[in-house]
Amino acid sequence: MKFVVVGTSHYGYEAAQTLLKYYPESEIHLYERGDKASFLSCGIQSYLEDIAPSLDSLHYANEESYKKQGINIHVNSDVVALDPEAKEITVKTADGESKQSYDKLFLSPGANPAELPVDGTDLEEVYYMRGPVWAGKIKERMETAKKVVVIGAGYIGFEAAESFARKGIDTKLVEFKDHILPTYLDKEITDVLEENAQKHGLDIHTGEGVKEIIGENGKVSKVVTDKGEYEADTVVIALGIKPNTDWLRDAIDVDDRGFVAIDEYTETSAKDVFAGGDATFIPYGPDHSKKSIALATNARKQAVVSVKNAEEKTVKQGEINGTSALPVFDYTIATTGLNDSTAEASDLDFASHYYEEKLLPDFRGEEHTVHMKITYEKDSHRILGGQLASTADISHAINTLSIAIASEWTLEQLATSDFFFQPSYDRPWHFLNVLAQQALNDAYGSDQMIF
């Protein structure tokens with residue numbers, strides 16, 4: 001059987017590895033439009049901050065390693081068309097276009113950076129924070145940049161802004177919403193993060209919309225918003241993504257926003273054609289809807305489901321909660337499920353509660369506070385989401401809340417659930433217990449510790 005995988009990032013990589021596991025004797029072809037395979041965009045910040053030694057280190061695999069596995073890897077090979085009736089793809093290379101057949105096709109079309117709809121985005125020294133080419137350009141620019149404006153304060157935008165600020169470069173972060181990281185966190189927590197970021201030299205401007213990018217002699221010189229003007233010799237745009245699927249519109253079902261329609265088994269509208277990754281929707285647990293959640297974890301899970309359904313559709317794609325974490329200067333943040341803003345967009349009757357709790361007993365001499373918030377259904381108290389932030393690394397606790405959401409736990413169950421106690425790590429009432437107790441207005445002496 002001949003398997004073809006288009007795209008080599010998270011979904012494509014996992015599809016190829018899973019095919020090797022279940023179909024070791026099959027013919028596997030992997031197509032990549034770039035010159036190197038399986039780049040991890042989530043590692044760009046590590047590269048910008050000199051943690052990752054090179055762009056080449058930010059890859060799951062490379063051309064040589066794929067060949068050693070027996071995979072037919074095709075780099076610099078752009079798949080530009082699909083004919084599901086003939087079971088063929090059209091591949092464009094430096095030598096022209098050719099048709100390639102398949103028995104089963106796995107698509108990871110990916111996405112391009114969302115464009116900023118204002119004048120000036122074509123000026124020199126305007127960058128996007130995605131992929132190895134842009135990452136290399138930004139890294140090079142960091143050596144000479146003096147005044148930087150980053151537009152968009154989601155995960156990617158904040159990572160870019162933090163990287164510039166850590167190098168002592170005058171950096172402004174502009175966000176249209178009223179607080180940073182608006183998709184992931186509510187304002188009680190981001191107020192803490194913004195204050196800390198300012199101490200590290202990051203100048204944050206929220207509630208501002210960019211109107212124009214102005215240049216001199218073809219190079220960027222200023223960013224104009226609806227509230228001010230900011231000098232800049234460098235601009236980084238990080239406004240999310242747009243699916244790279246125009247080439248598929250005549251072959252399979254693609255919606256108005258460019259997302260590929262897939263069923264619960266990850267198969268597209270065309271038989272034997274599966275898809276996953278940033279250009280697809282994911283079943284979402286908290287409100288049982290479907291959402292675009294561009295995380296590597298989701299793409300890799302989708303790929304396993306796709307391959308397992310290659311011959312017979314038996315494995316359904318499970319619901320996810322969009323669980324993620326991020327270092328933010330002195331803090332670690334972690335989120336899962338719904339927050340206030342995303343819950344408002346659902347049909348759920350929800351409530352939420354914010355609370356702050358010491359992480360460790362006083363005698364430890366370490367002052368770490370956990371800033372936390374939980375979202376839940378008003379009547380049933382079913383847990384819908386959670387947010388955590390602390391100067392200690394409490395990120396793994398968000399996995400517990402994700403499991404609670406998936407298991408449809410209530411506040412009452414979380415309030416007295418079994419967690420270990422060891423003074424080096426926590427207090428007798430774990431902070432997740434305390435969060436649920438406080439939401440219920442039924443705490444058990446959690447803030448009165450005597451040793």
Side-chain angles (χ1 to χ4, degrees), residues 9 32-36 39 41 44-45 47-48 55 76 78 80 92 94 109-165 167 169-177 202-249 256-259 278-279 294:
S9 190
E32 167 60 47
R33 74 164 59 91
D35 62 351
K36 293 179 181 177
F39 181 75
S41 285
I44 289 177
Q45 184 179 15
Y47 171 63
L48 297 181
L55 281 174
N76 296 311
D78 191 11
V80 296
K92 183 178 181 180
N112 296 318
E115 296 181 359
L116 180 65
V118 302
D119 291 337
T121 58
D122 56 346
L123 291 166
E124 289 185 39
E125 319 306 352
V126 175
Y127 304 88
Y128 290 90
M129 182 80 162
R130 188 174 177 88
V133 175
W134 284 113
K137 290 179 178 179
I138 292 172
K139 174 78 168 185
E140 183 178 357
R141 182 59 183 164
M142 293 179 88
E143 300 301 317
T144 55
K146 303 297 183 185
K147 290 182 179 293
V148 178
V149 174
V150 178
I151 302 170
Y155 271 13
I156 303 303
F158 200 94
E159 286 180 333
E162 181 174 355
S163 297
F164 278 103
K167 288 187 176 293
I169 299 169
D170 182 344
T171 307
K172 291 178 172 59
L173 178 60
V174 178
E175 167 58 45
F176 179 74
K177 299 287 183 66
L202 179 57
D203 187 11
I204 297 174
H205 296 261
T206 55
E208 296 192 31
V210 175
K211 297 174 62 178
E212 185 181 9
I213 300 174
I214 295 175
E216 294 180 3
N217 300 318
K219 294 186 177 182
V220 64
S221 62
K222 186 184 298 184
V223 173
V224 180
T225 76
D226 53 8
K227 292 185 178 178
E229 298 184 359
Y230 308 114
E231 291 184 7
D233 59 25
T234 305
V235 171
V236 178
I237 300 172
L239 297 176
I241 58 173
K242 178 183 178 182
N244 179 34
T245 54
D246 286 346
W247 62 279
L248 288 168
R249 288 189 179 277
D256 292 341
R257 296 171 57 194
F259 287 93
D278 293 355

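Scanning for side-chain contact (heavy atoms from CB on, under 4.5 Å) contacts around S9 gives an empty result, with sequence neighbours left out. Not a single salt bridge (Lys or Arg N to Asp or Glu O under 4.0 Å) links K227 to another residue, sequence neighbours left out. The salt bridge (Lys or Arg N to Asp or Glu O under 4.0 Å) search around K177 returns none, not counting sequence neighbours. For T206, the side-chain contact (heavy atoms from CB on, under 4.5 Å) partners two or more places apart in sequence, or in a different chain, are E175, I180, E194, I204. Every residue two or more places apart in sequence or in another chain was checked for a side-chain hydrogen bond (donor to acceptor under 3.5 Å, both in side chains) with D119, and none qualifies. For K167, the side-chain hydrogen bond (donor to acceptor under 3.5 Å, both in side chains) partners are D50, not counting sequence neighbours. For Y128, the ring pair (Phe, Tyr, Trp, His ring centres under 6.0 Å) partners at least two apart in sequence or on another chain are W134. Partners of Y127 under the ring pair (Phe, Tyr, Trp, His ring centres under 6.0 Å) rule, at least two apart in sequence or in another chain, do not exist in this structure. Taking Y47 as the reference, nothing meets the ring pair (Phe, Tyr, Trp, His ring centres under 6.0 Å) condition, with sequence neighbours excluded.
Counting only distance, with no hydrogens or angles, the side chain of D226 and the backbone of G209 share a donor-acceptor pair below 3.5 Å.
Residues D278 and F259 approach most closely at O-CE2, 3.4 Å, considering heavy atoms. In terms of heavy-atom proximity, P132 sits nearest to L55 at O-CD1, 3.5 Å.
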Expected list for residues 144-151: side-chain donor-acceptor pairs under 3.5 angstrom, two or more places apart:
unit_1 : atom_1 : unit_2 : atom_2 : d
T144   : OG1    : R141   : NH1    : 3.1
K147   : NZ     : D170   : OD2    : 3.2

Quick one: side chains of residues 238-246, donor-acceptor pairs under 3.5 Å with protein atoms, not counting sequence neighbours, listed by atom name and distance.
unit_1 : atom_1 : unit_2 : atom_2 : d
T245   : OG1    : G258   : O      : 2.5
D246   : OD1    : R249   : NE     : 3.4

Which atom pairs, donor and acceptor, lie under 3.5 Å between side-chain atoms of residues 214-224 and protein residues at least two apart or in another chain?
unit_1 : atom_1 : unit_2 : atom_2 : d
S221   : OG     : I214   : O      : 3.2
K222   : NZ     : E229   : OE1    : 3.2

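Annotation for E115: atom CD does not count as buried by contact number, only 12 or fewer foreign heavy atoms lying within 6.0 Å.
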